[in-house]
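Computed from a prediction, not measured in an experiment: that's the story for all the values here.
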Amino acid sequence: MTEATPKPKDPMKGFRGVMSGTLIMEAITVALALPVVNKLGGGISTGTGWTVIGVAVLLVLTCGFVKRPWAVPLILGLQVVLIALVFWLPAITVLGVIFLVVWLWLLWLRKDVARRMAAGTLASQQPQP
């Protein structure tokens, strides 16, 4: 019998998992800012409170769409929304800036993996002895 050669692993599939995990961590972090909004932002039932809740929910919902080509612009747009809250609640803006840096780093890593994949230099693309 001949052995079937195993299909090479898709590194981008693993990256989508990293993206989803990062979105969940960010949603939790944003949701944990609600007590700050309650204390300093005029309350959770204000526009700022509802915006923070909406962004946290959108971050969780975006996990279902990380395969889509428009997911990255949506994620970066959510970071811009968090940064735009500087006028209402600067503490939330800090979260937006921190996670924007995280997302830019992740996107740089994705570009590097795609470059290595195209060159055939990934460890998973090397012949097994």
If hydrophobic clusters are built from ILVMFWY residues whose side chains come within less than 4.5 Å, do W108 and V97 share one? yes
When you group the ILVMFWY residues by side-chain heavy-atom contacts below 4.5 Å and let the links chain together, are L89 and W50 in the same group? yes
Closest non-hydrogen atoms of A56 and V30, given as atom of the first, atom of the second and distance, are CB-CG1, 4.1 Å
Have a look at L23 and tell me which of I75, L78, V60 forms a side-chain contact (heavy atoms from CB on, under 4.5 Å) with it. I75
Nearest heavy-atom pair of T93 and L85: which atoms, and what distance? OG1-C, 3.4 Å
Grouping I, L, V, M, F, W and Y whenever their side-chain heavy atoms are under 4.5 Å apart, do V102 and I24 come out in a common cluster? no
Closest contact, heavy atoms only, F99 versus T22: CE2-O, 4.5 Å
Quick check: do L106 and F15 have side-chain heavy atoms less than 4.5 Å from each other? yes
Atom SG in C63, atom CG in L58: separation rounded to 0.5 Å? 11.5 Å
Roughly how far apart are L82 CG and T29 OG1, rounded to 0.5 Å? 10.5 Å
Just wondering, are more than 12 heavy atoms of other shown residues or ligands nearer than 6.0 Å to CH2 in W105? no
Can you hop from V86 to I83 via hydrophobic side chains spaced under 4.5 Å? yes
Evaluate the criterion side-chain contact (heavy atoms from CB on, under 4.5 Å) for residue pair M19 and V72; output intermediate values, then yes/no. CA-CA 9 Å; M19 289 176 63; V72 171; 4.0 Å; yes
In sequence, state the C-alpha distance, the side-chain angles, and the governing distance for T51 and I92, and then conclude on side-chain contact (heavy atoms from CB on, under 4.5 Å). CA-CA 11 Å; T51 302; I92 299 297; over 6 Å; no
Does L104 belong to the same Ile/Leu/Val/Met/Phe/Trp/Tyr cluster as V94, with side-chain heavy atoms less than 4.5 Å apart forming each link? no
Give the minimum heavy-atom separation between Q79 and L100, together with the two atoms involved. OE1-N, 3.8 Å
Of the non-hydrogen atoms in A33 and L95, which two are nearest, and what is the gap between them? CB-CD1, 4.0 Å
Could you report the tightest heavy-atom contact between W88 and T48, atom names first, then the distance? CB-OG1, 3.4 Å
